[in-house]
Protein chains: 2
Amino acid sequence: MLAAERRDHLLGLLAREGKIVAKDVAAELGISEDSVRRDLRDLASEGLCLRVYGGALPVSPAVVGYTARQTVAPDGKRKVASVAAGLVRPGGALILDGGTTALAVARALPQDLACTVITHSPTIAAALLDHPQTELFMLGGRIFKHSAVACGAAAVEAAQNVSADLCLLGVTGVHPEVGLTTGDAEEAAMKRALAARAAETYVLASSEKLGTASRFRVLPWEEISGLITDADPHDAVVERLTARGVEILTTG
Amino acid sequence: MLAAERRDHLLGLLAREGKIVAKDVAAELGISEDSVRRDLRDLASEGLCLRVYGGALPVSPAVVGYTARQTVAPDGKRKVASVAAGLVRPGGALILDGGTTALAVARALPQDLACTVITHSPTIAAALLDHPQTELFMLGGRIFKHSAVACGAAAVEAAQNVSADLCLLGVTGVHPEVGLTTGDAEEAAMKRALAARAAETYVLASSEKLGTASRFRVLPWEEISGLITDADPHDAVVERLTARGVEILTTG
DNA sequence: AAGATACATGCAGAAACGTGCAAGAACAGG
DNA sequence: CCTGTTCTTGCACGTTTCTGCATGTATCTT
């Protein structure tokens with residue numbers, strides 16, 4: 001059994017059954033539980049699954065379900081979200097990506113802020129329903145379960161018809177050389193489409209994502225305006241990015 | 001059974017039935033009451049449920065906010081939803097309208113039903129994210145706050161590109177002569193667009209809507225396949241509708 | 001007030017985890 | 001073809017986490 005084959009099997013299982021039990025898979029494939037755990041750890045680090053005690057679950061950041069449902073985002077994400085929310089101008093238009101950090105941004109927006117929010121995430125749209133002054137525009141399309149956002153041809157096409165002042169993107173990996181990456185090709189394409197429709201694009205990246213890279217590139221550094229992170233300004237990765245001319249907004 | 005899976009089960013139960021009895025769940029899942037209590041304590045500490053003596057209750061929607069987790073539908077709506085959910089065939093495609101009754105239908109769909117659901121409601125999309133077998137398609141457009149669904153030109157246009165076996169519509173008024181009505185012109189247009197894309201259209205109407213009418217007409221009786229209601233089959237309005245040749249599905 | 005039920009806590013066995021290590025396979029270069 | 005390197009895999013070990021039971025306490029019901 002090839003390693004890649006095994007990973008595919010795991011991802012298939014995750015999509016089909018909605019969960020992976022390390023012990024069962026090990027028995028089924030006749031390999032050690034250690035290998036399964038190693039694979040799951042790798043997949044999780046690429047943002048393709050969510051590791052839990054005993055196995056793994058589909059990565060569904062904002063999904064109603066399982067433990068991924070953090071009502072209260074961890075401290076780092078909240079701070080990043082709060083800085084990002086500060087970039088939104090009254091009367092302006094914001095394109096908001098999916099994911100937990102973006103959801104935290106939606107929650108951090110003042111209740112009575114009068115602006116337009118464009119999103120492809122039903123979760124974020126639902127979260128903004130109680131902002132009476134906020135004009136909401138939903139980009140439709142096929143919903144990708146693992147990321148809980150609309151992706152694919154229809155969604156990308158829908159994105160062509162909007163434009164905004166600011167785009168806030170969440171990603172899986174932030175790497176000085178590789179750029180911004182994510183674990184799914186369709187998602188990457190969608191994020192590109194979103195970024196292309198805004199005058200400025202900022203990336204939301206809590207510190208644990210710095211220095212990591214996933215399979216699919218979203219954008220090179222040249223095409224983004226800046227990075228919002230809770231990492232230390234003297235962090236090695238942050239300094240390499242600064243040297244590359246990337247504007248860094250920290251939560252300090 | 002994964003610990004995370006158990007927690008999800010609890011949250012699902014909370015959303016579906018509006019309460020959790022620790023003893024019952026323990027028996028149902030074949031685990032100790034202590035584990036259930038521990039889980040409930042954890043969930044409560046995250047603000048995901050309200051711990052009470054003997055079990056737990058959902059937290060108020062205002063607190064959780066972002067998810068579809070509003071209070072449980074009243075009994076009548078739940079019964080209507082359950083009948084409606086029974087119309088959905090595995091492998092089929094369903095167009096699901098917005099509104100509380102439609103949301104109840106979404107919740108009543110079996111967790112592992114393999115079908116396609118097309119909706120213009122972010123709330124309903126969010127509610128179906130944890131159905132791994134369900135293909136979700138979101139119709140985008142401007143979100144109308146009072147009804148929390150996408151309406152308007154973009155949404156109607158998006159609807160032109162889909163088709164389904166079944167459309168389930170919620171309305172505000174159900175009147176033997178006037179037909180189906182709702183309070184907003186854009187919503188009415190959207191509902192018409194949805195109905196036009198399905199082979200069959202059924203209307204969801206809890207009994208309190210029978211005999212009432214709102215300002216804008218959605219569809220005349222000729223264009224719908226039937227009505228799903230919890231009203232008595234001998235109700236005056238129901239009998240008038242039967243006389244007009246409308247198929248009535250009751251919850252009895 | 002008393003019995004019943006639910007609860008928190010401590011504890012022990014079990015299960016899952018991470019790490020280091022060694023055997024083996026795949027690979028590159030000589 | 002041989003050799004050294006790298007990567008993968010499974011095992012062993014100590015650690016952490018989970019789960020069910022027992023105990024004593026709090027809360028509800030009658």
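Because only heavy atoms are used, hydrogens play no part in the values below, and waters and symmetry mates are left out as well, while side chains stay in. First the proteins, then the strands, lettered A, B, ... as listed; each starts at 1. Note that the coordinates shown come from a computational prediction; the quantities given were computed from them, not determined experimentally.
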From the list A:Leu166, A:Ile224, A:Leu227, side chain to side chain contact (heavy atoms under 4.5 Å, CB included) partner of A:Tyr202 resolves to A:Leu166

In whole Å, I'd like the distance from the [atom1] atom of [X] to the [atom2] atom of [N].
X       : N      : atom1 : atom2 : answer
B:Arg41 : D:dC18 : CZ    : P     : 12 Å
A:Leu29 : D:dG10 : CG    : P     : 11 Å
B:Asp39 : D:dC18 : CG    : C1'   : 10 Å
A:Glu5  : D:dT8  : CD    : P     : 16 Å
A:Lys23 : D:dG10 : NZ    : P     : 18 Å
B:Arg7  : D:dT19 : CZ    : C1'   : 16 Å

Could you give me the CA-CA distance, side-chain angles and deciding distance for A:Arg215 and A:Glu46, then say whether salt bridge (charged side-chain N to carboxylate O under 4.0 Å, His left out) is met? CA-CA 7 Å; A:Arg215 191 170 299 272; A:Glu46 288 181 39; 3.8 Å; yes

Polar side-chain atom of [X] near backbone of [Y] as donor-acceptor pair, under 3.5 Å:
X        : Y        : answer
A:Trp221 : A:His175 : yes
A:Lys77  : A:Ala102 : no
A:Thr134 : A:Leu113 : yes

Before giving the answer on side chain to side chain donor-acceptor pair (under 3.5 Å), spell out for A:Thr182 and A:Thr172 the whole-Å C-alpha distance, their side-chain angles and the decisive distance to 0.1 Å. CA-CA 5 Å; A:Thr182 190; A:Thr172 308; 3.2 Å; yes

Donor/acceptor link under 3.5 angstrom from B:Arg37 side chain onto base of D:dG20: no

More 5' along DNA chain C: B:Glu33 or A:Gly54, using each one's nearest nucleotide? B:Glu33

Residue pair B:Val21/B:Arg38 against DNA chain C: nearer the 5' end by closest nucleotide is B:Val21

Is atom CD of B:Gln133 surrounded by more than 12 heavy atoms (other residues, nucleotides or ligands) closer than 6.0 Å? yes

Taking the side chain of A:Tyr53 as its heavy atoms from C-beta onward, which of D:dT17, D:dG10, D:dT27 lies nearest to it? D:dT17

Nucleotide nearest A:Ile31 when distance is taken to its side chain, options D:dG10, D:dT19, D:dA26: D:dG10

Interface limits on DNA chain C, where chain A has a heavy atom under 4.0 Å of a nucleotide atom: C:dA15 to C:dT19

Which is true for B:Val52 with a 4.0 Å heavy-atom rule: it touches a base, it touches only sugar-phosphate, or it touches nothing? sugar-phosphate

Short side-chain N/O contact from B:Ser35 to OP1 or OP2 of D:dG20, under 4.0 Å: yes

